[in-house]
There are 2 protein chains.
Amino acid sequence: MGEERAELLKGTLDMLILKITVLGPIHGYGIAQRIQQISRDFFQLQQGSLYPALHRLEDRGWLKAEWKVTETGREGKFYSLTRIGRKQLQSEIENWERLTGAVALILQTAE
Amino acid sequence: MGEERAELLKGTLDMLILKITVLGPIHGYGIAQRIQQISRDFFQLQQGSLYPALHRLEDRGWLKAEWKVTETGREGKFYSLTRIGRKQLQSEIENWERLTGAVALILQTAE
DNA sequence: AGAGTATAGGTAGACATGCGAGGTATATTA
DNA sequence: TAATATACCTCGCATGTCTACCTATACTCT
């Protein structure tokens, strides 16, 4: 049994997904794989987190979806970043950086 | 209207509170002030977040509470870190660092 | 032919947590 | 005496992730 649990911080998933789609249209399953690979298996994105998140991002107009055939010959829903999705991503990254900076200030206080 | 919103990431509040209590016993209201000061006003901790979190941390045995009189002459509930609270804090900090590291890997991917 | 695995999509319900809005009370200051 | 800061609290909501479950297709192995 793995004693490691890779729960992600609530609020970061959208940013990660949007960031992955910057690289070009990609289907949901592929997004999960990419996130896992790039994070060196730290994040193991569950499908119950992934798909609701994708629908949420699509509803908000940050991603648009299109059915295509994958390299493996199956149907896949390919997501690509919209213009406002790109702005949203930039905004989320800025917020993330300010936020981790503020957390760092607190964690750096000497004992 | 302020366009700045200082919502914190869900999951970080416990860590921040525990970290503040490392410096010595402190009451809830003071914790909120410290967090705000140290983060240079970035975090403005709401009381509806603060007090439930303190009760949660006490229930889990990470903090213990004691009523005392504050410097201003009022009754205050002073929280101090327990032994397992200190271990919990270390564990949360490690997790935070691994997590932000993994996020950084994804954000660093070139466009 | 059949079983198992990887790929690809999805939903429903539980759960945790932070927030907004409201409340109480005391001490200090104007 | 009114306002403000200090100090505590609770309730209900919104959000978001997870677990568990479901469907279907393509490929590989037996």
Side-chain angles (χ1 to χ4, degrees), chain A residues 1-2 4-18 25-37 43-60 62-63 65-79 92 95 99 102-103, chain B residues 1-2 4-18 25-37 42-60 62-63 65-79 92 95 99 103:
Chain A
M1 308 253 210
E4 298 281 348
R5 318 195 111 228
E7 287 217 359
L8 30 91
L9 280 173
K10 309 201 172 180
T12 57
L13 181 55
D14 290 2
M15 178 177 69
L16 298 182
I17 291 176
L18 292 176
I26 181 170
H27 58 275
Y29 195 83
I31 292 174
Q33 288 182 315
R34 286 275 183 116
I35 287 180
Q36 184 167 344
Q37 285 163 6
F43 294 129
Q44 281 161 20
L45 186 46
Q46 304 304 309
Q47 297 191 328
S49 311
L50 171 67
Y51 293 111
L54 287 172
H55 300 157
R56 187 166 66 228
L57 295 173
E58 193 182 359
D59 287 346
R60 292 178 183 168
W62 299 336
L63 292 181
E66 195 182 356
W67 286 93
K68 285 187 199 164
V69 176
T70 68
E71 326 80 55
T72 63
R74 281 189 202 74
E75 291 289 311
K77 211 165 161 185
F78 283 73
Y79 290 91
E92 291 199 15
N95 191 52
L99 216 143
V103 169
Chain B
M1 305 257 213
E4 298 281 349
R5 317 195 111 229
E7 290 218 357
L8 31 91
L9 281 174
K10 308 201 173 180
T12 57
L13 181 54
D14 290 4
M15 178 176 70
L16 297 181
I17 290 177
L18 292 176
I26 181 170
H27 58 276
Y29 196 84
I31 291 174
Q33 287 182 316
R34 286 275 183 115
I35 288 179
Q36 183 166 346
Q37 286 164 6
F42 185 75
F43 293 129
Q44 281 161 21
L45 185 47
Q46 302 305 309
Q47 297 192 330
S49 311
L50 170 68
Y51 292 110
L54 287 172
H55 300 156
R56 186 165 67 226
L57 296 173
E58 192 183 359
D59 287 345
R60 292 178 184 168
W62 299 337
L63 292 180
E66 195 182 357
W67 286 93
K68 286 187 199 165
V69 177
T70 69
E71 327 78 57
T72 62
R74 280 188 203 74
E75 290 291 311
K77 209 164 161 186
F78 283 73
Y79 290 91
E92 291 199 15
N95 190 53
L99 214 143
V103 169

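Reminder, nothing fancy here: chain letters follow the sequence lines and each chain counts from 1.
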Between the base of dC8(D) and the side chain of Glu75(B), is there a donor-acceptor distance below 3.5 Å?
no

Rounded to the Å, how far apart are Gln46(B) CD and dA21(C) C1'?
11 Å

If I take atom CG in residue Leu63(B) and atom C1' in nucleotide dC8(D), what distance separates them, rounded to the nearest angstrom?
16 Å

In Å, rounded to the nearest 0.5 Å, how long is the span from CG of Leu18(B) to CE of Met15(B)?
9.5 Å

So, taking the atom named NZ in Lys77(A) and the one named CD1 in Ile31(A), what distance separates them when rounded to the nearest 0.5 Å?
11.5 Å

Can you find a pair of side-chain heavy atoms, one from Lys10(B) and one from Leu9(A), that are under 4.5 Å apart?
no

Excluding sequence neighbours, so at least two apart, what forms side chain to side chain donor-acceptor pair (under 3.5 Å) with Glu58(A)?
none

When rounded to whole Å, the CE to C1' distance for the pair Met15(A) and dG16(D) reads 15 Å

Round to a whole Å and report the spacing from CD1 of Ile17(B) to C1' of dG18(C).
11 Å

Which nucleotide in dT17(D), dC8(D), dG9(C) has an atom nearest any side-chain atom of Gln47(B)
dC8(D)

Using only heavy-atom distances, decide whether a donor-acceptor pair under 3.5 angstrom links the side-chain of Glu7(B) to the base of dC19(C).
no

Taken to the nearest whole Å, CG/Leu18(B) to C1'/dT17(C) is 15 Å

Do Ile17(A) and Leu63(A) have side chains that get closer than 4.5 Å, going by heavy atoms?
yes

For Arg56(B), which residues count as a side chain to side chain donor-acceptor pair (under 3.5 Å) partner, sequence neighbours excluded?
Asp14(B)

Specify the separation, in whole Å, of atom CG of Asp59(A) and atom C1' of dG16(D).
14 Å

Passing candidate, side chain to side chain contact (heavy atoms under 4.5 Å, CB included) with Phe43(A), options Leu13(A), Thr12(A), Leu16(A):
Leu16(A)

For Lys68(A), all residues meeting side-chain contact (heavy atoms from CB on, under 4.5 Å), sequence neighbours excluded
Glu66(A), Phe78(A)

In residues 48-58 of chain B, what residues come within less than 4.0 Å of DNA chain D, judged by heavy atoms?
Gly48(B), Tyr51(B), Pro52(B), His55(B)

Sorted by number, residues from residues 25-33 of chain A placing a heavy atom under 4.0 Å from DNA chain C are His27(A), Gly28(A), Tyr29(A), Gln33(A)

Distance in angstrom units between Phe78(B) CZ and dA7(D) P, rounded:
8 Å

Which side-chain hydrogen bond (donor to acceptor under 3.5 Å, both in side chains) pairs, counting each pair once, include a residue from residues 45-54 of chain B, with sequence neighbours left out?
none

Base contacts versus sugar-phosphate-only contacts with protein, heavy atoms under 4.0 Å: please encode nucleotides 24-30 of chain C as B, S and - from 5' to 3'.
--BB---

Give a yes/no answer on whether the side chain of Lys77(B) brings an N or O atom under 4.0 Å of OP1 or OP2 in dC9(D).
yes

Does anything in residues 26-36 of chain A pair up under side-chain hydrogen bond (donor to acceptor under 3.5 Å, both in side chains), and if so which pairs, sequence neighbours excluded?
Gln36(A)-Asp41(A)

Euclidean distance, atom CG of residue Leu13(A) to atom C1' of dC18(D) [Å, nearest integer]:
12 Å

Holding to side chain to side chain donor-acceptor pair (under 3.5 Å), I want the full list of residues that pass it with Thr72(B), two or more places apart in sequence or in another chain.
Thr70(B), Arg74(B)

